[in-house]
Protein chains: 2
Amino acid sequence: MSEYLQRRLLLMRLIPRQPRKKSAPELYEELTERGIETTQRTVERDLESLSALMPLVRDERSRPYGWSWTTDAPLLDLPAIDPETALTLRVMDAHASALLPPNARHRLIPYMERAETVLEQTVDNVGLRTWPDRVRVLGGGPPLQPPALTPEVFETVQHGVLERRCLDVHYRSRSRGAVTKSYRIHPLALVFREPVSYLVATIGPYRDPRHLALHRILHAELADEPAEDPEGGFDLDAFIAQGAFDYPEGDEVTLQLRLDDGTAFHLSEAPLAGDQSLTPLDDEGCLYELHATVQYTARLRWWLLGLGSAVQVLAPESLRRDIAGEIQRLAELYEVPSSG
Amino acid sequence: MSEYLQRRLLLMRLIPRQPRKKSAPELYEELTERGIETTQRTVERDLESLSALMPLVRDERSRPYGWSWTTDAPLLDLPAIDPETALTLRVMDAHASALLPPNARHRLIPYMERAETVLEQTVDNVGLRTWPDRVRVLGGGPPLQPPALTPEVFETVQHGVLERRCLDVHYRSRSRGAVTKSYRIHPLALVFREPVSYLVATIGPYRDPRHLALHRILHAELADEPAEDPEGGFDLDAFIAQGAFDYPEGDEVTLQLRLDDGTAFHLSEAPLAGDQSLTPLDDEGCLYELHATVQYTARLRWWLLGLGSAVQVLAPESLRRDIAGEIQRLAELYEVPSSG
DNA sequence: GGGGGAGCGACAAAAAACGTCGCATCGCGA
DNA sequence: TCGCGATGCGACGTTTTTTGTCGCTCCCCC
């Protein structure tokens, strides 16, 4: 029966993209491992005939020749991506562009190009070419620009986290001045906080995890030494909860707010919590009271404060005092006249 | 030469995923269109032998049998996704989960599962299985929950936008009460604003574009009538800029802020604009002044206000007055004592 | 009831794919 | 510098698969 197709399909999947490569003997090995009986000669022939059809390249600089897909090889996906999925991918990408450094999205280019092609064809069928004019993502976060990374850094760091290997990095420390230091670090995890991406790692012989902003890593290189977790293991959630990223986990509190009608409407659409309740305070429907059980986090506080006078915090008392104090400081800062 | 592989590969790509289907004669047609000379018999044979290897199904309920991939057919991508890309996809998805309704991401499940598989294998090689514990995305936007959508609505609406066909929708209008109305609408564009997704469309015979929140569309059905743009065309950016989503485009202003050191540090990492400058105001480095050319938007205002007393707006004067006014209202609301 | 399209079994010719062998080449270590 | 082993590759005859064609049957729809 048709060994042919199965073998070539598997073979194509085993070939990596360009910086990496695999030799014919290697590929032969992997094929037999996966239960395909063949000869190395056949594999060689397969590679040759495949390279006539697809963007495969052979690196002949060193003797066991290495095969790989070209960097710009278009994505060939089975089953092919459908227009709806392509659209979803695009929306996700549009959104991620505000969050991830450009280098991080670099790897997704073939996927996005594929999505683009599919969308264009769809639109073409209907006689239009105005696709990109039909979707927008409006960000809700701070209007900041993601910092640029040294091109290779993201890749290398990703590699280190994925393969659990140590990294040698040059790090421009947070303290002022352009002082850079070199460390050998044990990568533990990746954390993305709105525009900035962080690597969590232990540094050199020390055992306490730290976070390094990726854009402050000027150079990174993979070491051979395998990365080790600190004794007792590493719990990323606990690390974040203890406040490492200004995102300390708050206690659960019963939030009580007084809202104007516009804000009440928005919150009825996208609630703060599953148990949220909204009740009008008067007949005209201009004021509402909201109850909800939420986590008290810094993010919540920013958000409430940002809404300004559209929202008044009634409870918990600690949050109310907190915000009132902030307002007092603000009032002094802006020399607002007395509230009588 | 090897027509074989080329033909079967193309054939597989032409087969759609399950709700859709294509018959052997259709597929034969499309193959010849793309320059592959063959007979319909061969296509039939190909389909049969392929279905032994892959999750293809044949719908035999009506006579020109329809072929499709099963809904859960795993993604077979060439070149295969590499661990770094898989990781990036996961990060994007983690982020999108806070923004898109669950139904929207539904289509990406095969992609995410594929990414998951690749990651697990990678981690396996190194003897670990703790992959999901190594990445987190910390949101910066409001801590709201995306509203739930009627399952089919997102798909149908997407379809309408993509193929430019009218939709018949039941819409629960924004005004209070559970009144729903039915309209025939001409879909124009999709807009995503943090937790809520919108469809921009003209309604019935009217010519002015409106936005409909997707979660308030209770039911949607594709109509045969092709969708039409309003006379004079439709410009999504202009529509947004005119304030349709509380995101009116602001004028460019030269922003001047006084910041505490923590905020200054964050802004030095992720600047507000390309031309941003930051200068310390004293020797201890506790106060900084920032200049940047930015768009004056509501989003900027929320964000500045949310930062509280860590930021003082010095210019433009209009923004300063705006914020000072807001603070005065807040001070009255919270009965903050006089600022002297 | 009949016409046409679709699905499918069979067959023989044609075209590959395959394993094997042998030789040339290259890299590495002695 | 020499030699060994691994790798790449051309050639060849056999084997297997593929492919076009024909014809029969079934089913739907007119």
Side-chain angles (χ1 to χ4, degrees), chain A residues 1-16 18 20-70 78 224, chain B residues 1-16 18-70 78:
Chain A
M1 52 198 60
S2 156
E3 278 287 275
Y4 188 101
L5 214 167
Q6 220 173 348
R7 173 167 38 84
R8 293 211 169 171
L9 226 44
L10 185 49
L11 183 57
M12 286 192 272
R13 308 192 76 187
L14 291 176
I15 300 172
Q18 197 144 49
R20 316 181 189 206
K21 56 180 182 172
K22 284 184 187 167
S23 69
E26 269 180 292
L27 290 166
Y28 166 63
E29 186 91 7
E30 293 194 41
L31 281 175
T32 47
E33 256 175 42
R34 285 161 205 248
I36 293 196
E37 289 180 35
T38 181
T39 48
Q40 183 173 318
R41 184 74 189 94
T42 301
V43 174
E44 287 164 7
R45 269 192 290 244
D46 280 347
L47 286 168
E48 197 174 355
S49 64
L50 279 177
S51 68
L53 254 61
M54 331 227 150
L56 294 178
V57 284
R58 187 167 74 165
D59 179 3
E60 307 189 353
R61 285 172 306 178
S62 70
R63 205 35 154 78
Y65 294 167
W67 289 86
S68 41
W69 295 88
T70 59
L78 307 172
D224 285 330
Chain B
M1 50 199 61
S2 158
E3 279 285 275
Y4 186 105
L5 215 169
Q6 219 173 348
R7 174 166 38 82
R8 294 211 169 172
L9 226 43
L10 184 49
L11 183 57
M12 287 192 271
R13 308 191 77 187
L14 291 175
I15 300 173
Q18 198 144 48
R20 317 183 188 206
K21 56 180 184 175
K22 283 183 187 167
S23 70
E26 271 180 291
L27 290 167
Y28 166 62
E29 186 92 5
E30 293 194 42
L31 281 175
T32 46
E33 259 175 40
R34 284 158 208 249
I36 293 198
E37 288 180 33
T38 180
T39 48
Q40 183 173 318
R41 185 73 189 98
T42 302
V43 174
E44 287 165 7
R45 270 192 291 245
D46 280 348
L47 286 168
E48 197 174 355
S49 64
L50 279 177
S51 68
L53 255 62
M54 332 226 148
L56 294 178
V57 284
R58 186 166 76 163
D59 178 4
E60 307 189 353
R61 285 172 306 180
S62 68
R63 204 39 152 83
Y65 295 165
W67 288 87
S68 41
W69 295 88
T70 59
L78 306 173

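Given the structure is predicted, the values throughout are model-derived calculations rather than measurements. Computation of the quantities below employed the complete heavy-atom set of this structure, encompassing side-chain atoms and omitting hydrogens, waters and symmetry-equivalent molecules. Just so we're on the same page: letters track the sequence lines, and every chain starts at 1.
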Polar atoms only, N or O, under 3.5 Å: list the protein pairs with nucleotides 24-29 of chain D and their distances.
none

Kindly indicate whether the side chain of A:R41 and the base of D:dG10 share any N or O donor-acceptor pair separated by less than 3.5 Å? yes
To the nearest Å, how far apart are A:L5 CG and D:dT16 P? 20 Å
What about B:R45: does its side chain form a donor-acceptor pair under 3.5 Å with the base of C:dG9? no
Without decimals, in angstroms, what is the distance between A:L11 CG and C:dA17 P? 14 Å
Would you say B:T42 places a side-chain N or O within less than 4.0 Å of OP1 or OP2 belonging to D:dG20? yes
Check A:E44 with A:R41, please: is the shortest side-chain N to carboxylate O separation under 4.0 Å? yes
In numerical order, the residues of residues 19-35 of chain B whose heavy atoms come under 4.0 Å of DNA chain D are none
If we check side-chain contact (heavy atoms from CB on, under 4.5 Å) with A:W67, which of these qualifies: A:S51, A:S23, A:P16? A:S51
In whole angstroms, the gap separating P of C:dG19 from CD of A:E37 amounts to 9 Å
Check every atom of D:dG8, D:dT21, C:dC8 against the side chain of B:T39 and return the nucleotide holding the closest atom. D:dT21
Would you say the side-chain atoms of B:K22 pair up with the backbone N or O of B:L14, donor to acceptor, closer than 3.5 Å? yes
Among all residues two or more places apart in sequence or in another chain, which pass the salt bridge (Lys or Arg N to Asp or Glu O under 4.0 Å) test with A:R13? B:D77
Distance below 4.0 Å between A:R8 side-chain N/O and C:dA16 OP1 or OP2: no
